[in-house]
Protein chains: 2
Amino acid sequence: MNSGNGASIAEQIRRDLGRLTPNERRAAHRLLAGYPMAGLDTAARFGEAAGVSAPTVLRMIAKLGFSSYGAFQDGLKQELAAQRATPLTKGGTSPSGDPLDAFALAAIANLRATAENVPREEFDAAVRLIADPRRPLHLLGGRFTDAIAAYMATHLRVLRPHVQHIEGQPAAWFDRLLDIGKQDVIVLFDIRRYSDDLVVFAERAARQGARIILITDPWLSPISKVARHVLPAHVPAPSVWDSSAGLLLLAEALTAGVAEQSSVARDRLEALERLRRGE
Amino acid sequence: MNSGNGASIAEQIRRDLGRLTPNERRAAHRLLAGYPMAGLDTAARFGEAAGVSAPTVLRMIAKLGFSSYGAFQDGLKQELAAQRATPLTKGGTSPSGDPLDAFALAAIANLRATAENVPREEFDAAVRLIADPRRPLHLLGGRFTDAIAAYMATHLRVLRPHVQHIEGQPAAWFDRLLDIGKQDVIVLFDIRRYSDDLVVFAERAARQGARIILITDPWLSPISKVARHVLPAHVPAPSVWDSSAGLLLLAEALTAGVAEQSSVARDRLEALERLRRGE
DNA sequence: CCCACCCTGTAACGTATATTTCAGTTCGGC
DNA sequence: GCCGAACTGAAATATACGTTACAGGGTGGG
């Protein structure tokens, strides 16, 4: 019955401080002083830091209304997570009032978090895989993210041959599986409200030996089970839907990486330039 | 030995990610996604959240150099405590050679500049126009930006009726002009290397009385001459191509504005939710 | 001065958790 | 296509922890 409502545990402690015995109070003060990290230690270490025994700590926790020390720690963690989730941007209603500003701030936070959390090895490995002109490349996304896949495909088609954006109805996707084997690389976009069809498609493709690069949200689409490389992007936005800015960032940065690293890509860009000048 | 180097555990994970086995990597990803709270759970729950077993989690932790799961959790707590001490030390990512960082910084600068430079009257007027359910809406983009138009169309189709993404070859676009009149609204995306076809299409549509909303780069596509509303987005990026992050920001922010302002959109979203629950 | 009560820590207990072992399975290489 | 190595999770084991019972000690009242 203590589930995460607004009242912080610290407030609760200050309120109930009068009911506590002297040594229990010492423990409570120690918790307030080192809030909330002190409470994440074991009861014994927590007690030692406060100069009391473990049972005293337990008794204090019990008096605060927690059914167990574990429940108390869970409460602390929940508080920490909630606090950490809103660093600065989310004032809830209107810190700046302007919706475009609010959206831009959210998108910026997403880009920053995405860039910070994407493992560089995964990113580099994905670039290498996508840059390999001998490996047929397929791109596909979910209902909303498929546009990002199409966007990426349009650019990659300039840089290398054998780039396919898988289109049409899900039932038609599976025809492609006929030609997909160990050499093929599949770039998939899948975020919350994960697409069942996409998951099935990915599983079959993986079983046939295809290498899957997955771009998803931090909760990880189930496709991550069969994906060779996973790149998570942050997506929260002040809107009915999530923002795909992080997905787009990854798509563009991967493309830029291919353009820079692949000699085939450079040659093609040069040739294209010559064609434009009419040679 | 802890505070001296800035090496966070997250960085350490990204560095050692290559040494990890596939399932260990899944666990590592889960940790990065829910950093750092995910690591404060028990090993079993952590593993379950990542879809792997507890021993796999333990093996990953061991490979990161921790002598035990407890030591790992202590490290996380220390990091949390240190982070909490300083409110927000990060002024900005240093000009490191990392390409993903570089791209993210450029994209962030674009979003910021876009949000600053878009006239609010234009933005609000565009939202009102797009939100009007009686006005047939058409979306179209250039070679690369058309994916953004498709993305926006997919979302808007949920919020209102009569949303058309104009597809196919340029020659086919003009068939649409037969049905376009004073009531119609056209959202166009066009950035550098402006599309001739798109310009011609816009001119004809304008002559027939259609209202054009143009999303372009700061140099303004020639379409701006016939557009009712112009929203410029910044696009430079360290790549062969420009970044469309600013375009996407406007597309998403416009969509969010429609979802919030239009009563029709709200009704539709509610109805949709009921349908999902199977009524 | 003694008694009764309340704190408080020690020590024993049971449980939940980390850790290890091991066998099944998969995957890559020859 | 077969073999070997590596990966993975189920089950067994060890350990650390929360929890509880209990006895010593301090304190105020009679």
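Here the structure is a predicted model, which means the values were calculated and not measured. Residue numbering restarts at 1 for every chain, and letters A, B, ... go by the order of the sequence lines. No hydrogens, no waters, no symmetry mates; every other heavy atom, side chains included, goes into these values.
Contact between A/Leu31 and A/Phe72 at its shortest, heavy atoms only, is CD2-CZ, 3.7 Å.
Nearest to the side chain of B/Glu24, among C/dG28, D/dT20, D/dT8, sits D/dT8. Comparing C/dT8, C/dT10, D/dG9 against the side chain of A/Arg59 picks out C/dT8 as the nearest. Considering only side-chain atoms of A/Ala43, the nucleotide from D/dA11, D/dG18, C/dA18 that sits closest is D/dG18. Nearest nucleotide to the A/Asn23 side chain, out of D/dG18, D/dT8, C/dG9: C/dG9. Of the candidate nucleotides D/dT19, D/dC17, C/dC7, C/dC7 has the atom nearest to the side chain of A/Pro22. Taking every side-chain heavy atom of A/Thr56 into account, C/dG9 is the closest of D/dT19, C/dG9, C/dT19. Comparing D/dC7, C/dT10, D/dT19 by their closest approach to the side chain of B/Thr21 singles out D/dC7.
Between the CZ atom of B/Phe46 and the P atom of C/dT17 there is a distance of 16 Å, given to the nearest Å. Straight-line distance from the CZ atom of A/Arg19 to the P atom of C/dC6: 16 Å, rounded to whole Å. Between the P atom of D/dA14 and the CG atom of B/Leu58 lies a distance of 17 Å, rounded to the nearest Å. Going from atom CD1 of B/Ile61 over to atom P of C/dA18 covers 11 Å, rounded to whole Å. One atom, CE of A/Met60, and another, P of C/dC7, lie 16 Å apart when rounded to the nearest Å. In this structure, the CG atom of A/Leu20 is 13 Å from the C1' atom of C/dC7, given to the nearest Å. Between A/Gln73 atom CD and C/dT17 atom P the separation is 11 Å, expressed in whole Å. A straight line from CD of A/Glu48 to C1' of C/dT10 spans 15 Å, rounded to a whole angstrom.
In this structure, A/Ile212 CD1 and A/Ser224 OG are separated by 10.5 Å, a value rounded to the nearest 0.5 Å.
Within 6.0 Å of CD in A/Glu48 there are 12 or fewer heavy atoms belonging to other residues, nucleotides or ligands. For A/Arg266, the CZ atom counts as densely surrounded, since its 6.0 Å shell holds more than 12 non-hydrogen atoms of other residues, nucleotides or ligands.
Proximity of A/Leu129 to A/Arg135: side-chain heavy atoms (C-beta onward) are separated by under 4.5 Å at one or more points.
Heavy-atom nearest nucleotides on DNA chain D were determined for A/Arg45 and for B/Val52, and the one closer to the 5' end corresponds to B/Val52.
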